[in-house]
Amino acid sequence: MVMTLLQLLNDRVKAALALAGAPDAQAIVQQAAKPEFGDYQANGVMGAAKQLKKNPRELAQEVINHLDLQGIASEVSIAGPGFINIRLDNGFLAARAAEALKDPSLSVKADHPQTVVVDLSSPNLAKEMHVGHLRSTIIGDALARTLTFLGHNVIRQNHVGDWGTQFGMLTAYLIESGNEQNPAHALEDLEDFYRRAKVRFDEDAAFADRAREYVVKLQGGDEQVLALWRQFVEISLSHCEEVYKELGVDLTRKDVMGESAYNPALPGIVAELKAKGLLTEDAGAQVAFLDEFKNKDGEPAVYIVQKQDGGYLYSTTDLAAARYRADVLKANRALYVVDARQGLHFQQMFTLARKAGFVPADMQLEHVAFGTMMGDDGKPFKTRSGGTVKLAELLIEAEERAFALVSEKNQDLSEAERRTIAKAVGIGAVKYADLSKHRTSDYIFNWDTMLAFEGNTAPYLQYAYTRIQSLFRKAGLPEAHQPIVIAEPAEHALALVLAQFPDAVDSVSREACPHFMCAYLYQVATQFMRFYEACPVLKGAVETQQSRLQLCQLTANTLKTGLGLLGIEVLDTM
RNA sequence: GCGGCAGUAGCUCAGUUGGAUAGAGCAGUGACCUUCUAAGUCACCGGUCGGGGGUUCGACUCCCUCCUGUCGCGCCA
């Protein structure tokens, strides 16, 4: 396979450093800080010179003397205290573009395919999906798509909350409200049903007792209660699927592996932990003391795996899930796309799972943490009345707002066309607003900025794509295998950023950070817009037109593929 | 109390393993549509990178300390 640009340049500079007498030095190649410096810069010489006690500029010269970038760079120079600046050759960039144009995967391929589990979405089936589930769902979906694109064997796991005390309450209320025979109707509004059940639970001790009784029956395998529970889960799951479909998220029944699935494994988990001497009985509960998390006074952290009443906790379930992912799914890497607030829990769970031998040492366990979605006031995002925002309603609002804007911008289109555009734009805007921020920080949800359609937003990228499609409508697609000629600075800049796609995909996969892809695609769109202004595509000689049309096509392929990895659609017109 | 995360332009955010004069977008000001979709492009304006120490040839980045915010810390998930 073709190496990414960064891999290629790092390799070559490192080889030259070795020949110049610094075999252990890092090349540290990165994109140039400023266009005047070139396209890339190698920063490794300064550190190497220090170790060898040499003059950095002299060492830089020696490195350049040994640096083989024949056919790759057009200019290599020393600058400042010992930077090596590299400008890529136009012919090289043209060749890279031609290659990517032939390849549906745009020259992207993983070095070592792995089996990767992505734990994502995981809503609580007792309630309706709300905005709190949005980030896990779309960040997880983007990561799963990206890893799949790289050639990894990706297994999505929707660890839905389908077990526990709430379900006793809900089945009890289903019977009490006389909806046992026709639960679908009663559960039309899941949120409302849950609220009413909760009110009964809180105000009527007899009902609360009955609810607890149903929990015991449920866990004891009582057929009548189990049947009701199954119906409840079924209906709730189909609600989720509607949302996934609307959201354009690739999640189905086959990805569901709920908490209840691990129920039979829980006694074994505790027994095995006990057998390995990892548990202590403390106040009647089974707990693991973890020295890895002890505080300054030397007291270890406590991790409870079984309550004093014998019940299990999500800690137990998560251990069982980790073991399942290792033993049954044979995962090399498991990503847990879960709220950052559960960070401590996961660090403890990972530690205990390894100590117990539930997951092998060479299996990566990563908590892909993300921050909270905030409102304009900087507090967690709520409705005006302070309630949780239902995800389904949020998506409807996104499409409505987008429809209003599309209608305003483009009155000529039919309503059906505007609806189609509004859906791709509205959903894309919601997803992109989230994905474009670093996942670990909290972010402020604001309709106006995400639908402003200016700057680093989904519509800006979608618009760049439609401009290209418009060119194709006028001139047709470029003919295959025509020469690509890079001459103008705007062409060079565009071809350069297009050649960086494999590096962008790689960084998303490595860091589990989709915002790298967003930042990259924004660069692509920006460079394309500049190219579009500076280099008329349809007006020059036939050769120029064919060359530029090919750059346009690769730009379109890159935008479509890159946005596709984020779960965002492109449009031919908007 | 202990621990995690965060504090970068008026606002929303980037800043990769320490590198050159800290970058985008929005907002503000000013240019550019008889010319491929102006949902666009260009220019200007805007910063004690929370404060203070330290390490280094070089610190937004690493270490220490303080301030502020936020989240978590034994039987919810």
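Chain letters run A, B, ... following the sequence lines, proteins first and then strands; every chain starts at 1. Please read all numbers here as calculations on a predicted model, not as lab measurements. The figures that follow rest on heavy atoms only: side chains count, while hydrogens, waters and symmetry mates do not.
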List in chain and number order the residues that pass salt bridge (charged side-chain N to carboxylate O under 4.0 Å, His left out) with A:D162, two or more places apart in sequence or in another chain; answer none if no residue qualifies.
none
Using the benzene-type ring in the case of Trp, are the ring centres of A:H159 and A:Y262 under 6.0 Å apart?
yes
Looking only at B:G19, B:U41, B:A39, the nucleotide nearest the A:Y460 side chain is B:U41
Can you tell me which nucleotide in B:A20, B:A77, B:A14 comes closest to the side chain of A:H515?
B:A14
A:Y336 and A:F346: aromatic ring centres closer than 6.0 Å?
yes
The side chain of A:T466 lies closest to which of these nucleotides: B:U37, B:G74, B:G15?
B:U37
Expressed as a whole number of Å, how far does the C1' atom of B:G18 sit from that of B:C49?
15 Å
On a whole-Å scale, what distance lies between the P atoms belonging to B:A6 and B:C13?
14 Å
Base, sugar-phosphate, or nothing: which does A:T317 touch, judged by heavy atoms less than 4.0 Å apart?
nothing
Any N/O donor-acceptor pair, A:Y314 side-chain to B:A77 base, under 3.5 Å
yes
Comparing nearest nucleotides in RNA chain B, the 5'-proximal residue of the pair A:K409, A:H345 is A:K409
On a whole-Å scale, what distance lies between the P atoms belonging to B:C66 and B:C26?
41 Å
Report which part of the nucleic acid A:G47 touches: base, sugar-phosphate, or nothing (heavy-atom distance under 4.0 Å, all strands).
base
A:D506: which residues meet the side-chain hydrogen bond (donor to acceptor under 3.5 Å, both in side chains) condition with it, sequence neighbours left out?
A:R510
Looking only at side-chain N and O atoms, does A:Y465 come under 4.0 Å of OP1 or OP2 in B:A39?
no
Can you tell me how far P of B:G69 sits from CG of A:D377, to the nearest Å?
17 Å
With C1' as the reference atom in both, quote the distance from B:G50 to B:C45 in angstrom, rounded to an integer.
25 Å
Looking at B:C13, B:U37, B:G74, which one has an atom nearest to any side-chain atom of A:Y443?
B:C13
Give a yes or no answer on whether the side chain of A:T171 reaches the backbone of A:F167 with a donor-acceptor pair at less than 3.5 Å.
yes
Reckon A:A285 touches a base, only the sugar-phosphate, or nothing at all at heavy-atom distances under 4.0 Å?
base
Dump the intermediate steps for salt bridge (Lys or Arg N to Asp or Glu O under 4.0 Å) on A:E491 and A:R548, then the final yes or no.
CA-CA 8 Å; A:E491 290 176 311; A:R548 288 182 178 168; 2.9 Å; yes
A:C513 near the nucleic acid: base, sugar-phosphate alone, or nothing, with a heavy-atom cut-off under 4.0 Å?
nothing
Under 3.5 Å, is there a donor-acceptor pair linking the side chains of A:S436 and A:N456?
no
Among B:U17, B:U37, B:G74, the nucleotide that comes nearest once only the side chain of A:I28 is considered:
B:U17
Show every donor-acceptor pair shorter than 3.5 Å between a side-chain atom in residues 439-450 of chain A and any protein atom, with sequence neighbours excluded, or say none if there are none.
from, atom 1, to, atom 2, distance (Å)
A:R439, NE, A:A512, O, 2.6
A:R439, NH1, A:A369, O, 2.9
A:R439, NH2, A:E511, O, 3.1
A:R439, NH2, A:A512, O, 3.4
A:T440, OG1, A:H438, NE2, 3.3
A:S441, OG, A:H438, O, 3.1
A:D442, OD1, A:T372, N, 2.7
A:N446, OD1, A:D448, N, 2.8
A:N446, OD1, A:T449, N, 3.0
A:N446, OD1, A:T449, OG1, 3.4
A:N446, ND2, A:D376, OD1, 2.8
A:N446, ND2, A:D376, OD2, 3.3
A:W447, NE1, A:E397, OE2, 3.4
A:T449, OG1, A:N446, O, 3.2

Per-nucleotide protein contact string for nucleotides 22-33 of chain B, where B marks a base within reach and S marks sugar-phosphate only (heavy atoms under 4.0 Å, - for neither)
-SSSS-------
Within the 4.0 Å heavy-atom criterion, would you say A:A475 contacts the bases, only the backbone, or no part of the nucleic acid?
nothing
Go nucleotide by nucleotide along RNA chain B from the 5' end; which of A:R473 and A:E259 gets its closest nucleotide reached first?
A:R473
Return all side-chain donor-acceptor pairs below 3.5 angstrom for residues 285-292 of chain A, not counting sequence neighbours, or 'none' if the list is empty.
from, atom 1, to, atom 2, distance (Å)
A:E292, OE1, A:K355, NZ, 3.4
A:E292, OE2, A:K355, NZ, 3.3

B:G47 and B:G23, which share atom name C1', separated by this distance in whole Å:
11 Å
Calculate the interatomic distance between A:Y432 atom OH and B:C13 atom C1'; express it in whole Å.
11 Å
Donor-acceptor contact below 3.5 Å, side chain A:Q500 vs main chain A:Q31
no
Any base atoms under 4.0 Å from A:P536, or only sugar-phosphate, or nothing? Heavy atoms, all strands.
base
Provide the distance between the two P atoms, one in B:G74 and one in B:U68, to the nearest whole Å.
25 Å
Assign A:D282 to base, sugar-phosphate, or nothing according to its heavy-atom contacts below 4.0 angstrom with the strands shown.
base
Pair of N/O donor and acceptor under 3.5 Å linking B:A20 base with A:N85 side chain:
yes
What distance, rounded to whole Å, do you find between the two P atoms, one in B:C60 and one in B:A9?
15 Å
Pairing residues for A:Q166 by the side-chain contact (heavy atoms from CB on, under 4.5 Å) criterion, not counting sequence neighbours:
A:N124, A:A126, A:Y194
Sugar-phosphate, base or nothing in reach of A:L313, heavy atoms under 4.0 Å
sugar-phosphate
How is A:F37 classified with respect to the nucleic acid when contacts are heavy atoms under 4.0 Å: base, sugar-phosphate, or nothing?
base
What's the closest nucleotide to the side chain of A:M46 if the choices are B:G19, B:A14, B:C36?
B:G19
Excluding sequence neighbours, so at least two apart, what forms side-chain hydrogen bond (donor to acceptor under 3.5 Å, both in side chains) with A:Y522?
none
Considering residues at least two apart in sequence or located in another chain, which fulfil the side-chain hydrogen bond (donor to acceptor under 3.5 Å, both in side chains) criterion with A:Q306?
none
Looking at the side chain of A:K474, which of B:U17, B:C36, B:G72 is the nearest nucleotide?
B:C36
Closest listed nucleotide, where the reference is the side chain of A:A283 and the choices are B:G19, B:C75, B:C36
B:C75
Mind checking side-chain contact (heavy atoms from CB on, under 4.5 Å) for A:L413 and listing every partner two or more places apart, or none if nothing turns up?
A:N410, A:E417, A:R418, A:I421
Review item, nucleotides 6-11 of chain B N/O atoms under 3.5 Å of protein N/O:
none

Minimum-distance nucleotide to A:F83 side chain [options: B:C36, B:A39, B:A20]
B:A20
Who passes side-chain hydrogen bond (donor to acceptor under 3.5 Å, both in side chains) against A:Q219, sequence neighbours left out?
none
Can you check the A:M349 CE to B:A77 P distance for me, whole Å?
14 Å
Determine the stems involving RNA chain B; a stem requires 3 or more consecutive pairs of the Watson-Crick or G-U wobble kind, each with both distances below 3.5 Å, and the answer is none if no such run exists.
B:1-7 with B:67-73, B:10-13 with B:23-26, B:28-32 with B:40-44, B:50-54 with B:62-66
